[in-house]
Amino acid sequence: MSNVEPELPARTGDAEMAKVVAAGRANPVTLLPEAAWQAVARATTGPDGMSVQLRPTLEEPRGLLMVENVDGATLHSVVTRVHLSEVLPGIQPRTGMEVMEVPDPQVQGITDADRPCAIVRYRYQDPAHLRSHVWQTIHGTLSLNSYAPSILARKVTRNLIAHPVEITFEDGTDSFYALVVRDGITRLASAWAVQAGPDADAAESAGLAVESLFGKHPASPPGPGSPPLGQRLAEGRAKWRRALAEEFAQAMKAEEPGIRAAQIAQTSVLPAQIAVGAEGHPGHLLAAEDIFDDAIRSVLASVHVEFKQWDAAAQNVEVATRALKRVIQLGDSLVPKDDLQAVYGLAVGRIPVEELPTVFATDGGAAPPGTALWRSVYLVHALTRPELLDPLKDQAKAIKGGKRMGLKGFAELLGPLIDLPWRSYKKHVTTQARNAWNNGGVLTSDVIQEWEPRPTDDFTSLVEPALLGDRDARCTLAVAGGVALISDKLLTRNVGSALNAAKEKGGVPFRADVNQVVEDLSQQHNELGLWTLALAANRFRSDALPENAVTMRQLIHKQKTESEAGTPYVHFKVDLASPDRIERDAHGVPVMLHQWDVVWASNPDRALKAHPPKPLFVPPQPVSGGGPVAGAAAPHSNGGAPAEGDGTPGESGVSDESHETQGAGNGGSGSSADPAPGLPPVPPRPASQRAAEHRYVLRQSVTGARDSLDHLLLLEPEVGSHTPIVPMPVLDELHKLLIGLQTDVENLRRKAAQDDSVQEDEEAQEEIGV
């Protein structure tokens, strides 16, 4: 360890905090509310140095602030050190393409006389939402990465990028101001991990952070005359720091300070760069309330492109949402601004799926159903209008720094926006689905033209008007059915190896781009393709994967989970001659749909040319007697379904033994227990009785472990991919324990088998009189 400070920073007095507030209010470029300045002053450990940076001089009328010029704005920041317990983790940009258990708060910019302020407003549902969001951010971050060993050795050496925030609540709870970290959240979370100690896991570290920041219990409604919530939380954090300082002082009094002293010294204070001012450049495109947040996001994007890149999906979400916001603020789009705001809210998840019927209801027309699939239809329709498509592509090119963007490049941006509602449930096929969007998605030549969605609860009702030439019906089926097929891995980016693969393993009859397949399926003359799209859209579910996507069966060895509905989720092949348009085999069982069938339905003529039918082989008829054995293979045509009555025998014996061992005694299991004073000694019980009890405990423990593992597999889709359901260190430890348990059980089994064989040999010898 290096640079371990022998003392913690002294407490900042009220007079020093007042100097910081006065200097900040006097600076012409730092437009912050007084309560926000108090939060900044309360967090810093160097109020005098911050006051010097903020104070204007003749040579520097804007003070000695750090200046950063980004696209459209200039940021002014102070560089200081802050208390660990005075900064909260902010919204992480990389989670914009993830589905989180706890949703992010709503974000809104703040202005002062039409000038941007270096502060944003976070709107949570209630204080419990705030606590859960902070816990999730720290827990998810530590589950992915941790710098705890490095911080314990050298402290946090790079500045955190932070800014003030006003935290408000929808339930009417008092608002308060705080500092949030926008870059360096991994360093912040790792500091809490060091504070929690080397034996604490990610959940315990997150719990310590939440308790230290907000108290051990959720905030109760204040009584008459109670101070506001912000003051009560500040007093709680100050009390926690005083207790930490006392613990540090006691540890340092020892002749040789221990590890706890180093943990406190290395993490109680962190370096930070706090944005306190923002100025928009002349001729900027954004509204005043969006300038600061966009500037902060530009700084973060530059850091994570040059230093540690986000993955492609996170970059696409960032580019698409920022491009849409710029088009909104540009003001020269033919689409009304209110409509664009609704589209933006739908794209980033601010407008939930349930509100779709009210937000997008047309005058005198039918309202769309509030489903995730209809969300994708309206989102694709809105973002690909001719009057919006070109401006969006221009802004996306400007943000990415490219010179051109084709239709496939724009479809790539849409993929992570479309799959927002079902990412965690279909995460096993997310890679294939996004590759399909990179290959054009559902952006056909008709979809990017003028058309209007046709709301309906039954997509098959659109097939007949589509066959009659209704463009709206055809495009609605193309988007809804195409999204369903892509999301369920029934339409993927065709690669060369797919031509040689079997039909059951994702093979295709010919090569074609994804958007071309969707376009051919939705042609007016293609009745087979239109029915394929309609049935896929009707059967689509946003909370599960179909049985057609074999990846789920490969990764989770459970035929049925408790969360699944009674009827299985399967896409079926289309048969136009059937009354319900579902093809069935000779036994009347519906035939499962494969990607081969989807591509074949898009262009049957081309598929027949690539795979002409083979001539039918007619076997010679027997001359006399013994007709052909046509049904020889019939018993094996049931698809390998398990026969009834294949249960494991002896289950009743297990329960009988369990009942016996449950009543085997409530006393101690050992013979060396000391008797109570004045009582006669308890005679030791036979070892066989104690062994029966331990066998019962062993069986129950193993069964409980199996149940816990099943529950973890059920919870995995809900947790999403932002954090592993079980961290790798825990899995390694469990694996080691299970290997040891398996070895011990095998040794006992072999010994029991050996004893049984010896006993049988002795009985045999007695029978023959040896």
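One-based numbering along the sequence shown.
In this structure, CD in Glu354 is found 10.0 Å from OG1 in Thr371, a value given to the nearest 0.5 Å. Atom CD1 in Ile151 sits 9.0 Å away from atom CG in Leu188 (nearest 0.5 Å).
Residues Glu68 and Met66 are in side-chain contact: their nearest non-hydrogen atoms beyond the backbone lie under 4.5 Å apart. Glu279 places none of its side-chain heavy atoms less than 4.5 Å from the side chain of Leu75. With a 4.5 Å cut-off on side-chain heavy atoms, Arg131 and Trp135 do not count as touching. Counting heavy atoms from C-beta outward, Val40 and Met50 have side chains that approach closer than 4.5 Å. Taking 4.5 Å as the limit, some side-chain heavy atom of Arg232 sits within range of a side-chain heavy atom of Leu229. Within the 4.5 Å cutoff, the side chain of Leu65 has heavy atoms near those of the Val29 side chain.
By the ring-ring contact (aromatic ring centres under 6.0 Å, His included) test, Tyr124 pairs with His129, His133, sequence neighbours left out. With sequence neighbours excluded, no residue forms a ring-ring contact (aromatic ring centres under 6.0 Å, His included) with His83. Qualifying salt bridge (charged side-chain N to carboxylate O under 4.0 Å, His left out) partners for Asp290, counting only residues two or more places apart in sequence or in other chains: Lys325. Under the ring-ring contact (aromatic ring centres under 6.0 Å, His included) criterion, His76 pairs with no residue, sequence neighbours left out. Applying the salt bridge (charged side-chain N to carboxylate O under 4.0 Å, His left out) test to Glu289 and every residue at least two apart in sequence or in another chain returns nothing. Scanning for side chain to side chain donor-acceptor pair (under 3.5 Å) contacts around Gln231 gives Glu235, with sequence neighbours left out. With sequence neighbours excluded, no residue satisfies salt bridge (charged side-chain N to carboxylate O under 4.0 Å, His left out) with Arg55.
A pairwise comparison of heavy atoms in Val102 and Gln136 identifies N-OE1, 2.8 Å as the closest pair.
Residue pairs meeting the ring pair (Phe, Tyr, Trp, His ring centres under 6.0 Å) criterion with at least one member in residues 155-186, sequence neighbours excluded, are His163-Phe292. Applying the ring pair (Phe, Tyr, Trp, His ring centres under 6.0 Å) definition to pairs two or more places apart or across chains, none involves residues 5-62. Residue pairs meeting the side-chain hydrogen bond (donor to acceptor under 3.5 Å, both in side chains) criterion with at least one partner in residues 236-247, sequence neighbours excluded, are Ser85-Arg241, Glu86-Arg237, Glu86-Arg241, Ser212-Trp240, Glu247-Arg260. Residues in residues 15-26 take part in no salt bridge (charged side-chain N to carboxylate O under 4.0 Å, His left out) pair, two or more places apart or across chains. Evaluation of the side-chain hydrogen bond (donor to acceptor under 3.5 Å, both in side chains) test over residues 40-51, restricted to residues two or more places apart or in two chains, returns Thr44-Thr80.
In terms of modelled atom types and a separation under 3.5 Å, the side chain of Ser132 and the main chain of Ala128 share a donor-acceptor contact.
Salt bridge Arg121/Glu166: present, at least one basic N to carboxylate O contact under 4.0 Å.
Counting non-hydrogen atoms of other residues, nucleotides and ligands closer than 6.0 Å to CG of Asp114 gives a total of 12 or fewer.
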